[in-house]
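The sequence lines fix the lettering, A, B, ..., with proteins before strands; numbering per chain opens at 1. Since the model is a prediction, treat every value here as computed from it, not as a measurement.
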Amino acid sequence: MPDQVRVRIAPSPTGNLHLGTARTALYNYLYARRHHGTFVFRLEDTDEERSDETFTQDIIDGLTWLDIKWDEGPDIGGPFAPYRQTEKIDHYNNVANQLISRGLAYLCFCSPDELNEMREEQKEQGGLTRYDGRCRHISAEKRASHEEQERIPSIRFIVDEPRVISWHDAIKGEINIDSSDLGGDMVIVKSNGVAIYNFAVVVDDLDMKMTHVIRGEDHIHNTAKQLLLYEALGKTAPEFGHVALIFDHERRKLSKRHHGEAVHIDKYRRDGYMPEALVNYLAQMSWSPAEGKEIFTLAEGCEMFDLSRVSKSPAIFDIQKLHWFNGHYIRHLPLTLITERAKPFLASFDLSAYSHHEIEQIVACLRESLTVLSEITPASKFFFDKAIVIPQDLQDSLLSKQSSRSVLSKLLEKTKLMPFGDHAGCKAIVDSVGKELGVKGKDLYWPVRAALSGATQGPDLGSMISLLGEARVKSRVESALALCPQL
RNA sequence: GGGGUUAUCGUCUAGCGGGAAGGACGCCGGUCUCUCAAGCCGGAGAAGGGGGUUCGAAUCCCCCUGACCCUACCA
């Protein structure tokens with residue numbers, strides 16, 4: 001019977017949800033869905049110094065926003081609870097003690113100072129730093145004296161060396177690493193009694209019956225260490241797939257340190273990016289569907305995802321391409337959804353001036369030219385302003401023209417005839433004004449634009465007039481006319 | 001210093017021994033339009049270097065080089 005696929009995302013709540021973490025979560029999610037398996041969310045919170053609940057919440061919120069849902073996790077439980085490592089401290093200790101009793105691990109009494117000193121010496125001599133295993137065969141007396149001094153030991157796992165550790169990586173292919181390059185016997189439980197990452201992951205992945213571990217390639221050396229632990233515990237290791245990292249245009253790893261909020265998923269939500277766009281961008285950044293599709297939904301991704309088509313080399317984060325995806329989704333997602341998402345960006349305006357349907361129409365005509373939804377705030381401002389301010393240079397260059405004055409006054413006469421609500425019909429009235437006066441093109445449209453919005457550039461003119469409605473159009477044209485020089 | 005990963009247009013990629021090296025973003029030009037976009041049409045633009053293997057190499061092998069990652073009682 002083939003194992004039911006079980007994969008996980010295991011972030012540590014020491015920071016906000018990072019772009020790279022989101023991509024790893026996404027790939028795991030896609031893999032789980034593709035194989036009708038289970039996607040697990042678990043918290044690696046053993047670093048009590050840096051872990052924080054607000055980060056946990058940010059990670060949960062971010063993944064939820066992206067619509068990446070987990071089947072088991074700290075918030076919803078599951079058959080292999082608990083899903084936070086801090087709730088399993090004793091369990092890790094028990095497993096570590098088994099290793100000690102089987103002679104595969106031992107107590108290490110070295111102090112941080114001693115360890116540092118050792119490394120300093122090694123650096124001076126050859127450069128290679130590694131734990132020399134001095135506590136591995138500690139004498140009974142020495143041990144007793146350490147205990148008398150109340151020195152609290154850590155637990156180290158014996159790294160058998162030299163030997164080659166190999167695995168077939170689902171993304172990278174064959175990988176071989178010599179155990180001698182792993183830095184010597186490794187700490188698995190810190191002297192504060194808390195398991196260290198490399199040990200806790202193995203125990204958890206075993207407890208949670210993970211079949212595949214898909215993570216960043218910065219874990220490749222960890223995988224070698226972990227493989228040794230699986231072996232010592234007498235268990236079969238899951239399959240591994242290491243995804244290349246994400247770089248910036250200078251080929252630096254994307255990091256909070258260098259890029260700040262630009263790597264924070266929530267920043268994209270706040271700035272008006274569509275989660276569909278981010279998911280689509282992230283998915284195709286290091287993976288290309290066999291079908292060659294560029295635009296696809298999360299659900300479609302679930303049908304097509306294939307680990308063997310994930311790229312081996314790093315991808316550079318390209319905001320331009322994200323913008324392209326984002327603009328596409330702003331334009332193609334259902335209008336009601338985009339309107340809902342636009343509302344927070346319209347919060348500074350008095351929306352009660354328009355009906356819900358009119359707000360939707362405003363969003364409809366504006367979304368054509370947006371790349372991020374936040375741009376709708378300045379773009380829609382003129383719809384809500386009580387009065388329009390026409391910049392001086394436009395007054396000088398545009399309103400000073402005789403034709404502008406004629407157009408505006410003629411338009412004012414025809415305001416009553418405007419079929420408000422009918423975009424094309426309103427445009428037709430403007431055209432009729434132009435026809436009667438023998439004015440066309442910019443000479444006809446720009447004065448109207450300036451009067452209504454204070455700019456010569458904006459959404460479709462017919463839509464503007466139609467949505468602004470009779471009262472606003474009338475008063476704005478009157479105001480503009482008042483600025484036209486009397487001839 | 002040691003170890004590992006990696007290398008196709010500026011960027012993301014397709015390709016998996018025989019093609020004029022394909023697509024997408026961006027860029028440039030055209031078209032549409034009252035404007036900015038969007039859309040449509042077109043264009044420029046790529047195999048890091050060196051050795052092999054082969055009738056034939058982007059594709060297989062080796063070396064070099066670059067970039068990146070790891071090298072904690074962080075995760």
**Q** Should B:C55 form a Watson-Crick or G-U wobble pair with both distances under 3.5 Å, which nucleotide is its partner?
**A** B:G18
**Q** Using whole Å, what does the distance between atom P of nucleotide B:U5 and atom CZ of A:Phe240 come to?
**A** 16 Å
**Q** Provide, to the nearest angstrom, the distance between the CZ atom belonging to A:Phe296 and the C1' atom belonging to B:C12.
**A** 12 Å
**Q** Assign A:Asp113 to base, sugar-phosphate, or nothing according to its heavy-atom contacts below 4.0 angstrom with the strands shown.
**A** nothing
**Q** Taking the minimum atom-to-atom distance to the side chain of A:Ser313, which one of B:C34, B:A7, B:G4 wins?
**A** B:A7
**Q** Any carboxylate oxygen within less than 4.0 angstrom of a Lys/Arg side-chain nitrogen, looking at A:Glu49 and A:Lys190?
**A** no
**Q** May I ask you to say what A:Gln284 touches in the nucleic acid, namely base, sugar-phosphate or nothing, with a heavy-atom cut-off under 4.0 Å?
**A** sugar-phosphate
**Q** To the nearest angstrom, how far is A:Asp460 atom CG from B:C36 atom P?
**A** 14 Å
**Q** What does A:Arg309 touch in the nucleic acid at a heavy-atom separation under 4.0 angstrom: a base, only the sugar-phosphate, or nothing?
**A** sugar-phosphate
**Q** Specify the separation, in whole Å, of atom OH of A:Tyr131 and atom P of B:G2.
**A** 25 Å
**Q** What distance, rounded to whole Å, do you find between the two C1' atoms, one in B:G19 and one in B:A46?
**A** 16 Å
**Q** In terms of side-chain heavy atoms, does A:Thr223 have a donor or acceptor partner in A:Arg215 at a distance below 3.5 Å?
**A** yes
**Q** Identify the nucleotide, in any strand shown, that forms a Watson-Crick or G-U wobble pair with B:U33, with both distances under 3.5 Å; if there is none, say none.
**A** none
**Q** In the structure shown, which nucleotide is the Watson-Crick or G-U wobble counterpart of B:A67, with both distances under 3.5 Å?
**A** B:U5
**Q** Side-chain donor-acceptor pair under 3.5 Å between A:Asp132 and A:Gln122, yes or no?
**A** no
**Q** Rounded at 0.5 Å granularity, tell me how far SG in A:Cys426 sits from CG in A:Asp431.
**A** 11.5 Å
**Q** Please list residues of residues 316-324 of chain A whose heavy atoms come under 4.0 Å from any atom in RNA chain B, ordered by number; otherwise none.
**A** A:Ile316, A:Asp318, A:Gln320, A:Lys321, A:Trp324
**Q** Heavy atoms only: give me the nearest A:Thr24-A:Ile214 pair and the separation to one decimal.
**A** CG2-O, 3.4 Å
**Q** With distance as the sole criterion, is a donor-acceptor pair present between the side chains of A:Tyr197 and A:Asp47 under 3.5 Å?
**A** no
**Q** About how many Å separate CG of A:Asp205 and CD of A:Gln226, when rounded to the nearest 0.5 Å?
**A** 7.5 Å
**Q** If you measure from the C1' atom in B:C55 to the same atom in B:A44, how many Å do you get, rounded?
**A** 35 Å
**Q** Which whole-number value in Å describes the distance from A:Glu174 CD to B:U6 P?
**A** 12 Å
**Q** Across all strands shown, which nucleotide pairs with B:A44 by Watson-Crick or G-U wobble geometry, both distances under 3.5 Å?
**A** none
**Q** Roughly how far apart are A:Glu53 CD and A:Leu43 CG, rounded to 0.5 Å?
**A** 8.0 Å
**Q** What interatomic distance, in whole Å, is found between C1' of B:C41 and the corresponding atom of B:U53?
**A** 46 Å
**Q** Can you tell me how far C1' in B:U11 sits from the matching atom in B:G45, rounded to whole Å?
**A** 12 Å
**Q** So among A:Tyr281, A:Phe305, A:Phe325, A:Trp287, which one has a ring pair (Phe, Tyr, Trp, His ring centres under 6.0 Å) with A:Phe296?
**A** A:Trp287
**Q** Please work out if A:Gly458 contacts a base, only the sugar-phosphate, or nothing of the nucleic acid, heavy-atom cut-off 4.0 Å.
**A** base
**Q** When you check every protein heavy atom under 4.0 Å of nucleotides 60-75 of chain B, what one-letter string (B, S, -) results, 5' to 3'?
**A** -------SSSS-SBBB
**Q** Minimum heavy-atom separation for A:Ile390 and A:Ala480, please, with both atom names.
**A** CD1-CB, 4.0 Å
**Q** Which residue lies toward the 5' end of RNA chain B, A:Leu370 or A:Glu294, if each is placed at its nearest nucleotide?
**A** A:Glu294
**Q** What is the distance, to the nearest angstrom, from the OH atom on A:Tyr329 to the P atom on B:A38?
**A** 17 Å
**Q** Could you measure between the two C1' atoms, the one in B:C68 and the one in B:G48, and give it in whole Å?
**A** 16 Å
**Q** Atom CZ of A:Phe382 and atom C1' of B:C36: how far apart are they, to the nearest Å?
**A** 12 Å
**Q** Take atom C1' in B:C70 and the same atom in B:G18, then report the distance between them in whole Å.
**A** 41 Å
**Q** Are more than 12 heavy atoms from other residues, nucleotides or ligands located less than 6.0 Å from atom NZ of A:Lys414?
**A** yes
**Q** Within this structure, what is the CG-to-P distance between A:Leu394 and B:C34, rounded to whole angstrom?
**A** 19 Å
**Q** Between A:Lys88 and A:Asp207, does any NZ, NE, NH1 or NH2 come within less than 4.0 Å of an OD or OE carboxylate oxygen?
**A** yes
**Q** Touch check for A:Leu461, heavy atoms < 4.0 angstrom, all strands: base, sugar-phosphate only, or nothing?
**A** base
**Q** If you measure from the C1' atom in B:G39 to the same atom in B:A20, how many Å do you get, rounded?
**A** 30 Å
**Q** Would you give the length of the straight line joining atom OG of A:Ser374 to atom OH of A:Tyr273, rounded to the nearest 0.5 angstrom?
**A** 7.5 Å
**Q** Go ahead and name the base partner of B:C25; Watson-Crick or wobble counts if both distances stay under 3.5 Å, otherwise write none.
**A** B:G10
**Q** If you find the nucleotide of RNA chain B closest to A:Ile175 and the one closest to A:Ser369, which residue's nucleotide is nearer the 5' end?
**A** A:Ile175
**Q** Tabulated below should be each protein N or O lying under 3.5 Å from an N or O of nucleotides 44-49 of chain B; please produce it.
**A**
none

**Q** Does a donor on one side chain and an acceptor on the other come within less than 3.5 Å for A:Asp248 and A:His259?
**A** yes
**Q** Using the C1' atom as the reference point in each nucleotide, state the distance between B:C34 and B:C28 in Å, no decimals.
**A** 25 Å
